[in-house]
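Please read all numbers here as calculations on a predicted model, not as lab measurements. A note on names: the letters A, B, ... follow the listed sequences, proteins ahead of strands, and every chain is numbered from 1. FYI, side chains are in, hydrogens and waters are out, and symmetry mates aren't considered; it's all heavy atoms of this structure.
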Protein chains: 2
Amino acid sequence: MNKAPIELRFAVVAVDVPVFALLDGVLHVLVSEVNKPPHYINMLAFLGGIIDESENTDEAATRILKEKGNLNSVYLEQLYTFSNVNRDKRNRVVSVAYIGLVKPEVAEAYKHSDARFVAVIKLPKLAYDHNEMLKTALARLQGKLSYTSIAQHLLPRTFTLTELQTVYETILQREFDKRNFRKKILTLDVLEETGEMQAGVKNRPAALYRFKSKQVLDLPLF
Amino acid sequence: MNKAPIELRFAVVAVDVPVFALLDGVLHVLVSEVNKPPHYINMLAFLGGIIDESENTDEAATRILKEKGNLNSVYLEQLYTFSNVNRDKRNRVVSVAYIGLVKPEVAEAYKHSDARFVAVIKLPKLAYDHNEMLKTALARLQGKLSYTSIAQHLLPRTFTLTELQTVYETILQREFDKRNFRKKILTLDVLEETGEMQAGVKNRPAALYRFKSKQVLDLPLF
DNA sequence: GCAAAAGTGTTAGGTATACACCCATGC
DNA sequence: GCATGGGTGTATACCTAACACTTTTGC
């Protein structure tokens, strides 16, 4: 493919991906060390990188999580594009940010040389404009949870209704009445019982459910 | 500012802006002629252009509407970033799309050499990926109308409740009961009466309202 | 038998929906 | 006085929110 005149190509296009996971009922996000003197010395940032000539930004996000974080099976959706002139002090980078969600068993097993899941409330000042990106991502996550079935990507394949409720309570930062929550979610008819029960818990075992559809559906929730 | 290595700068970053207006109760969008042989001959597309080194994409969108369409006072919000490798067949362009909204008096008075407002339902096949962009924009517009006070940017500064209802009915493509619509919108407490009435209409003149706040607020609507 | 979490129904208050007639103005 | 759109209230169904006790399991 032809290229546009060089003077129009002053910016690089990157993707950045805050990948969220719930670990022990606490929202975590994947960060890695950044050490790019003089501006970004020993700071944390989300995984990200520059897109290739042969891919769109969706594909770049998937590739970069794989290459830089050894992460597969991440649910991704585009978040927002950040383009302030000085958002990366080294040179002009326009970043198409994505939100990534992984199931807890993926995050629990995660081991990588420099990337790790850190509790969102414990994050320090991040590199680039990633604090702003985080704020945008959290707001979007709350919105999406409230009117779609996106919670399925933060839960194991099968889960208890209490686990599902905990996802909502953790991310929306409010509590729900157990009976009302169950009534609501069950009448939406998006879950089905697996027929299995929890095993090895030291209390009454709960019934396990799964989402009927792997699609993220629009739902009237909260 | 330093530049990244040239081999990473294969793409240009552009913005594209479908600008919507309601004219006589019909949704219109601003398009201009594109004539870029061999791929795009005498086609229509939304206003758009390449960002400058000194601006972010928000600023670029505002500037381009002014420069290429002589349009000011457009409400803008970022829509989505389109990055498919072949979305522009001439060379690699990553487009950060915005939605623009203008008040009917602006659209009615609009005169420009090649840009014009065309009814959305009458649009032909557009250049680039602008049909896909339109689809995304319309879906977003419906969503925003349903849970924010964005309608204010498609209405004159003062308006009747029937005009407001027509905005909702046109964009959401459903009808509302007049009494229930009024009750709902008035109990939300976002409107105030101007004290003025319509003049020169050949029926009973309606009371004129305005939005209390110029901010776009989140509201529980439909 | 005790600790821990699962599971389950009812009531009251508020919100959404459906529906029809009179009013003010221009011509 | 007629045509046009403006403006208003009520009754019903539905949904939401508040609330407490019994069950099952492991130890």
Under 4.0 Å from any heavy atom of chain B: name the first and the last nucleotide of DNA chain D that qualifies, 5' to 3'.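 First and last nucleotides in contact are dT4(D) to dT10(D).
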Can you tell me how far [atom2] of [N] sits from [atom1] of [X], to the nearest Å?
X       : N       : atom1 : atom2 : result
K183(A) : dT8(C)  : NZ    : C1'   : 10 Å
L221(B) : dT15(C) : CG    : C1'   : 14 Å
R174(B) : dA16(C) : CZ    : C1'   : 11 Å
Y209(A) : dA6(C)  : OH    : P     : 12 Å
L219(B) : dT15(C) : CG    : P     : 15 Å
E163(A) : dA5(C)  : CD    : P     : 13 Å
L208(B) : dA24(C) : CG    : P     : 17 Å
K184(B) : dA18(C) : NZ    : P     : 12 Å

Under 3.5 Å, is there an N or O donor on one side and an acceptor on the other linking the side chain of N180(B) and the base of dA18(C)? yes
Using a distance-only criterion (donor-acceptor N/O pair, under 3.5 Å, no hydrogens), is the base of dA20(C) paired with the side chain of R179(B)?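 Yes.
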If the test is side-chain contact (heavy atoms from CB on, under 4.5 Å), which one of V19(B), I150(B), V102(B), L154(B) qualifies with Y75(B)? I150(B)
Sole candidate of T136(B), L79(B), L138(B) that passes side-chain contact (heavy atoms from CB on, under 4.5 Å) when paired with I99(B):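 Of T136(B), L79(B), L138(B), side-chain contact (heavy atoms from CB on, under 4.5 Å) with I99(B) is met by L79(B) alone.
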Is any side-chain nitrogen or oxygen of R204(A) closer than 4.0 Å to OP1 or OP2 of dA4(C)?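 Checking R204(A) against dA4(C): no side-chain N or O falls below 4.0 Å of OP1 or OP2.
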Side-chain N,O (T162(A)) to OP1/OP2 (dA6(C)) below 4.0 Å: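 For dA6(C), OP1/OP2 do have a side-chain N/O of T162(A) under 4.0 Å.
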Kindly write out the residues that satisfy side chain to side chain donor-acceptor pair (under 3.5 Å) with T62(A), not counting sequence neighbours, or none if the list is empty.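 Side chain to side chain donor-acceptor pair (under 3.5 Å) check on T62(A) returns nothing, list empty.
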Are F20(B) and F117(B) an aromatic pair by the rule of ring centers under 6.0 Å?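 Judged by ring-centre distance (under 6.0 Å), F20(B) and F117(B) do not meet the cut-off.
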Would you say Y80(A) and T81(B) are linked by a side-chain donor-acceptor pair, where the criterion is simply a distance under 3.5 Å? no
Using a distance-only test with no angle check, is there a side-chain donor-acceptor pair under 3.5 angstrom linking R182(A) and T162(A)?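 Distance-only check passes for R182(A) and T162(A).
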Sidechain N-carboxylate O distance under 4.0 Å for D16(A), R87(A): yes
Residue whose closest nucleotide on DNA chain C lies nearer the 5' end, K202(A) versus V201(B): K202(A)
